[in-house]
Amino acid sequence: MRTNAPFHIVWFKRDLRVVDHEPLMMASTQGRVLPLYVFEPDMWTSPDMSELHRWWVTSSVRELRETLARLGQPLVVRCGNPVSVLEDLLSRLGRFTLWSHEETGNGQTYQRDRAILAWCRSRGITWNERRQFGVIRPLKSREHWSHHWEECMSSPLLASPERLLPVPVDLGEIPHRETAFTPTQNHQLPGERAANICLRSFLNLRGEGYSGGISSPITASTFGSRLSPYLAWGNVSLRTVVTQTRARQAELRLLPAPLRGRWLRSLHAFSSRLHWHCHFIQKLESEPEVEYECFIRALNEMRSREGNQSHLIAWQAGATGYPFVDACMRYLRATGWLNFRMRAMLVSFAAYDLFLDWRLFAHFLAQQFLDYEPGIHYAQIQMQSGTTGINTLRMYDPVKQGYDHDPTGEFTRAWVPELAHIPGKLIHEPWNLSPLEQKECGFVPNSTYPSRIVIHSEAVKAARTIIGNFRQRAEVKRLSRQALLKHGSRARRRRSTSSKASMKSPDTQLSLFSPNSTI
């Protein structure tokens, strides 16, 4: 059935919400709106995607359909290639205007959007894309980037449309398929409603402990905002988080100092990390190749592309012989989330202790992270692997991390139960147990629990030597200077361009896969 009046398709992608959704609001002011989500088979077979992600998206799409139905037009769902889907809608319904947010996704979505643009041009279809957050397309220079970010975040929030005029079209079925993945109570709830509940609970209840509480996996699950998956899939906008955080800070400043507690300090720390969200995504937007290539191309062959497969498998399984590393990996695989410092430790162990090329484990981690955001993911993995050329090497000692962030062994015992009978801090170094202690704990080396697959001190010493030799090469130094000019934070460089600290991404770095872990 052809419509008699122009209508507008709002194509939802990683923006599964109705509040502060500019394409939806703009389209609703200009005519009838057909909200559309396309389940793309190619997307779900991509090596960085998983059934965990599919569950989250499918659940969010169901809620979005219900929310839009209350506004007058339910979400229309199609399965297939988006170009074919749009071509079919054009033939059935007539001409339309296409609206969407810009997306900085993986290489697959980048190529898909190029195909959509070519199709729109061939059919004379206007495609209006709007910025979803502070990433700028195209970006010629990082100068004044922070100013543009602030302009975006300071603009007024957009409410959802009051009413959508319906378009007569088959709504389509939301695909359902049985998978090996089943959500548990360890997983966060998906959707826009859950995102807003999470934001309110952080700003009013949980967030006071953010400063000082996000480094340990024991406390971070409570005191961290836990907003990362909602930001990654667009269940809430970054501007909403920034706006509500600032409003809460203003409210707290009106209170007498004794009543503020640690709130202002914690929300200041949280706010500083919000700035880095788009900073990292901008890197992938400006240089899409870093999904596949080192920032410094001369470092592409620094590590073997094959790597030690037995080491990789042990690391993925949480069977490295380092209890705290293994506990963190098992926790991540069970929950889809891990705090920033522990993510950094996992990557440090893979990149330096095991000296694995980051491309061997980047997709595996992407599949585990419910808050997987490509722009943050690849920039941060490379930073932690020492291939950006502009960051100091961060080699985490897994035993020290266990002592610092799980001093009683509580977390490690919960996730490596085969070591549960080892008392106190000894759990972090079971190889140092005496024969008598082993007997008392029922611990049999390499039987109860695997022996260490590498010796940390020896492994990182070797890694440091290899990386140091590469970094001394003239070509690496030249490319590192170029990378700093292209991707470095201007604010940080202005503060201390000559200091050693200026070559670090500060711990506000959302430090691994920020903010999708720190925030």
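Side chains are part of it too, since the values below use all heavy atoms of this structure and drop only hydrogens, waters and symmetry mates. Keep in mind it's a predicted model, so treat the numbers as computed, not measured.
- Relative ring orientation between H363 and Y378 is described as perpendicular, the plane-to-plane angle rising above 60° on a 0-90° scale split at 30° and 60°.
- Geometrically, R130 does not engage W99 in a cation-pi contact defined by less than 6.0 Å to the ring centre and at most 45° from the axis.
- Heavy atoms only, all atoms of each residue included: V38 and P82 are closest at CG1-CG, 4.2 Å.
- For the side-chain contact (heavy atoms from CB on, under 4.5 Å) with V18, the qualifying choice from L158, L68, L75, L164 is L68, the only one to do so.
- The pair E22-R131 does not count as a salt bridge, with every side-chain nitrogen at least 4.0 angstrom from each carboxylate oxygen.
- Judged by distance alone, with hydrogens and angles left aside, the side-chain atoms of S50 form a donor-acceptor pair with the main-chain N or O of Q367 at under 3.5 Å.
- The cationic group of R260 does not satisfy the cation-pi geometry with W263, failing either the under 6.0 Å distance to the six-membered ring centre or the 45° limit from the ring axis.
- A donor-acceptor distance shorter than 3.5 angstrom exists from the side chain of Q73 to the backbone of V167, with no hydrogens or angles considered.
- In summary, the side chains of D15 and H101 do present a donor paired with an acceptor at a separation below 3.5 Å, with no hydrogens or angles considered.
- Between F202 and Y210, the ring-plane angle classifies as perpendicular under the 30° and 60° cut-offs.
- The cationic atom of R54 (NZ for Lys, CZ for Arg) lies less than 6.0 Å from the six-membered ring centre of W44 and within 45° of the ring axis.
- The ring of F181 has its center closer than 6.0 angstrom to the ring center of H187.
- When atom types are taken as modelled, the side chain of N106 and the backbone of T109 share a donor-acceptor pair closer than 3.5 angstrom.
- In this structure, a donor-acceptor pair under 3.5 Å is absent between the side chains of Q188 and W337.
- The aromatic rings of H53 and W233 sit tilted relative to each other, their planes meeting at an angle between 30° and 60°.
- The ring of F12 has its center no closer than 6.0 angstrom to the ring center of Y37.
- In this structure, R17 forms no cation-pi arrangement with Y230, as its terminal cationic atom is not both closer than 6.0 Å to the ring centre and no more than 45° off the ring axis.
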**Asked** Could you walk me through whether C120 and L98 pass the side-chain contact (heavy atoms from CB on, under 4.5 Å) check?
**Response** CA-CA 9 Å; C120 287; L98 181 63; 4.0 Å; yes

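- Checked by atom type, the side-chain pair W56/N235 shows a donor-acceptor distance below 3.5 Å.
- Side chains of T388 and Q382: no donor on one and acceptor on the other come within 3.5 Å.
- Summarising the local packing, CD of E151 is surrounded by more than 12 heavy atoms from other residues, nucleotides or ligands at distances under 6.0 Å.
- Between F411 and Y331, the distance separating the two ring centers is shorter than 6.0 angstrom.
- Between E103 and K13, at least one side-chain N (NZ, or NE/NH1/NH2) sits under 4.0 Å from a carboxylate O, which counts as a salt bridge.
- Within a 6.0 Å radius of CZ in R265, no more than 12 heavy atoms belonging to other residues, nucleotides or ligands are found.
- The aromatic ring centres of F96 and H8 sit 6.0 Å or more apart.
- Checked against L238 for a side-chain contact (heavy atoms from CB on, under 4.5 Å), the options T243, L227, L231, D20 give a single hit: L231.
- A salt bridge links R297 with E287: the closest approach of a Lys/Arg side-chain nitrogen to an acidic carboxylate oxygen falls below 4.0 angstrom.
- Judged by distance alone, with hydrogens and angles left aside, the side-chain atoms of R330 form a donor-acceptor pair with the main-chain N or O of G318 at under 3.5 Å.
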Chi angles and distances behind the salt bridge (charged side-chain N to carboxylate O under 4.0 Å, His left out) call for E87, R78 | CA-CA 12 Å; E87 179 68 34; R78 294 290 184 268; over 6 Å; no

Problem - Test side-chain contact (heavy atoms from CB on, under 4.5 Å) applied to S155 and R239, step by step - result: CA-CA 8 Å; S155 58; R239 182 164 52 191; 2.4 Å; yes

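- Cation-pi geometry between R333 and W415 is not met at under 6.0 angstrom from the ring centre and within 45 degrees of the axis.
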Is there a ring pair (Phe, Tyr, Trp, His ring centres under 6.0 Å) between F361 and W315? Walk through the geometry before answering.
CA-CA 10 Å; F361 56 82; W315 175 80; 5.4 Å; yes

